[in-house]
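Counting convention: from 1, in listed order, for ligands and their atoms alike.
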Amino acid sequence: MTDGDGVARAGTRVGAQGAATAKDRKRQHLELVLDGASQHARDAGWGDVHLVPRVLPGCSVAEVDLRTSFLGATLRAPVMIAGMTGGFPDAGHLNATLGEAAAELGLAVGVGSQRVALIDASVRDSFAAVRRHAPDAFVLGNVGACQLIDQDGTPGLTPADLARAVEMVGADALAVHLNVVQELVQPEGDRSFTGLLEGVAGAVAASPVPVVAKETGAGMDRQGATALVASGVAALDVGGLGGTSFARIERDRAAALGDEHAARLGEVFADWGIPTAASVLETRTLGVPVIATGGVRSGLDAARALALGATLVGVGRPAVEAAQRGTAALVRYLEGFLDELRAALVLAGASAAGQLGSPVLSGFTLEWARQRALL
Ligand SMILES: Cc1cc2nc3c(=O)[nH]c(=O)nc-3n(C[C@H](O)[C@H](O)[C@H](O)COP(=O)(O)O)c2cc1C
C-alpha cells in the first residue's frame, strides 16, 4: 500500500535505492496479502447490520437497477475495485486484469500508491495499464497523505507531482490515502503526521480532478472526516477495520527483516481502528459520498453497507486474489458478488439501493452508534 516511501529519503528526493526498496515493498505487500495472516481478527461489523427481510419482495431480480452516480459518472454497479498495486513488473499485468474486469462490468477501479512511479519512470506503465485496459472506466489515482508533507527534511509531493499522477492513469479522481497505523509499524515508515489535513487541503487545491480521502484499514471518525470534508475532498472512502490489516502485513514484514520492535508494535495494533460498518455511521451525514471499503466479502455485505448510507463499496483482497487466476476468474467472482447484491435487494424489498430501508442494528455496531450519538 502506501509505499511508506520513507526509505532513503534523507536530503531531497528519494534516490534510486529508495525507489528499488519501495518496489520490493509493494511486491511483498501483495505476497503477504495473498499468503499471510493479513486479515483483521475483528470483523467489519456487517453481522450487526440487519436488512429487514420482506415476505413479499415486490420486484424481480431482472428489475433490480444497480446503476449508481458517483462524482458525476454513472457506474453500472455501486462497486469499486480498491486501489492496490503498481510499481513492480508483475503489477502491470495485475492492474491490466483489474482494469479489464472493471471495464467489462462498469465498475470503478483504483491503483496503488503512485509515488514510486513519480520517482522511477520505468514503472509508470505498471499503473497506466489500468487505463489502457479500461478506457471508459472510472479510475482513481493514488498518493499517500504522509507523502504530501515534509518528512525528515524530504519535501512533500508538489502540485506538478500530483498532476503527473493523475495524468499517468487518466484519473477521474485522486485518492489520498491515510495510513498512520501502517507507517508507525513499518520499519521504514514515515513518522511525521502533523499537518496531514493541510497536506490534503493542498492536494485538493492542486489536483485537476476531485480528491477522495481514503483510510486503509483503521476507519474514519466523524471529527476527522468532517475536517477532511471541510478541506474540500469530494468523497470519503472509510477504509475501515475488518478485512485487510496493514498492521499485520507490516508486522510480518518486520519479523522477516528481524525487526522485533516493529513486529511487536504490529502485533499490539493488529486490530486497531473503527470497523467499516461503524465508520459508515460516523461519516454518512457529511454531505459527500461514502465508500465502504474494508472486509466487504459478499454482495450481502455490500447491501448492508448501502443500507447504512454508503454510495459505493470497495473490494480489495478478494479481487486481487481472483485476479491471480486471470480476468475471466475475476469477472466471474465479481458477477457472483453482484448477483448476491441483487438477491439481497430483492429479499429486502428493494429494486435499487436507494429503496433499502434503515437496517436494524445490533451488538457492537449498535453500542458504538449509541455511545457516539450517531443514531
Ligand atoms: C495488496 C494490497 C495493496 C494495497 N495498496 C494500497 C495502496 O497503495 N494505496 C491505498 O490507498 N490502499 C492500498 N490498499 C488498501 C485497499 O485499497 C483497501 O483499502 C484494503 O485492502 C481493504 O479492503 P479489503 O478488506 O477488501 O482488502 C492495498 C490493499 C492490498 C490488498
For N142, is at least one N or O under 3.5 Å away from an N or O on ligand 1?
-> yes
Can W46 be reached from L300 by stepping across I, L, V, M, F, W or Y side chains whose heavy atoms are under 4.5 Å apart?
-> yes
Sidechain-backbone polar pair: Q355 side chain, S351 backbone, donor-acceptor under 3.5 Å = yes
Note: ligand 1 atoms sitting under 4.0 Å from heavy atoms of R317 are 24 (P), 26 (O), 27 (O)
Can you check whether L94 reaches L30 side chain to side chain, under 4.5 Å on heavy atoms?
-> yes
Electrostatic pair E31:R27 at N-O distance under 4.0 angstrom = yes
May I ask you to list the atoms of ligand 1 that are less than 4.0 angstrom from any heavy atom of G243?
-> 25 (O)
For R164 and E167, run salt bridge (charged side-chain N to carboxylate O under 4.0 Å, His left out): C-alpha distance rounded to whole Å, both residues' side-chain angles, the deciding distance at 0.1 Å, then the answer.
-> CA-CA 5 Å; R164 278 197 295 145; E167 199 254 313; over 6 Å; no
Min N/O separation G316 to ligand 1 under 3.5 Å = yes
List every atom of ligand 1 that sits less than 4.0 Å from any heavy atom of T293, numbering the atoms from 1 in the order shown and giving each element.
-> 18 (C), 19 (O), 22 (C), 23 (O)
Quick one: side-chain contact (heavy atoms from CB on, under 4.5 Å) partners of R222, sequence neighbours excluded?
-> T226, E282, T285, L286, R372, L374
For ligand 1, which atoms sit closer than 4.0 Å to a heavy atom of H177?
-> 9 (N), 10 (C), 11 (O)
Nearest non-hydrogen atom to atom 1 (C) of ligand 1 belongs to which of L34, L32, V33, N179?
-> V33
Could you list the atoms of ligand 1 found under 4.0 angstrom from a heavy atom of G112?
-> 7 (C), 8 (O)
Find all atoms of ligand 1 within a distance of less than 4.0 Å from any non-hydrogen atom belonging to S113, and give their numbers and elements.
-> 7 (C), 8 (O), 9 (N)
Does a salt bridge link D172 with R131, judged by any charged N lying under 4.0 Å from a carboxylate O?
-> yes
If we number the atoms of ligand 1 from 1 as shown, the ones under 4.0 Å from a heavy atom of G294 are 22 (C), 23 (O), 25 (O)
Close N or O approach (G295, ligand 1; < 3.5 Å) | yes
Answer whether the closest heavy-atom distance between the side chains of L265 and R251 falls below 4.5 Å.
-> no
Can an N or O of T216 be found at a distance shorter than 3.5 Å from an N or O of ligand 1?
-> no
Should the ring pair F337 and Y333 be called parallel, tilted or perpendicular, given that the plane angle runs from 0 to 90° and is split at 30 and 60?
-> tilted
For D259, enumerate each residue passing the side-chain contact (heavy atoms from CB on, under 4.5 Å) test, keeping only those at least two apart in sequence or located in another chain.
-> P187, A254, H261, A262
Side chain, backbone, both or neither: T244 near ligand 1, heavy atoms under 4.0 Å = both
May I ask you to check if ligand 1 and G83 share an N or O to N or O distance below 3.5 Å?
-> yes
Considering Q182, K214, Q28, which one's heavy-atom position lies nearest to atom 17 (O) of ligand 1?
-> K214
Please examine the side chains of V169 and N95, heavy atoms only from C-beta on, and report whether any two atoms are closer than 4.5 Å.
-> no
Looking at R297, E321, Q39, the heavy atom closest to atom 24 (P) of ligand 1 belongs to R297
With a 4.0 Å cut-off on heavy atoms, does V320 reach ligand 1?
-> no
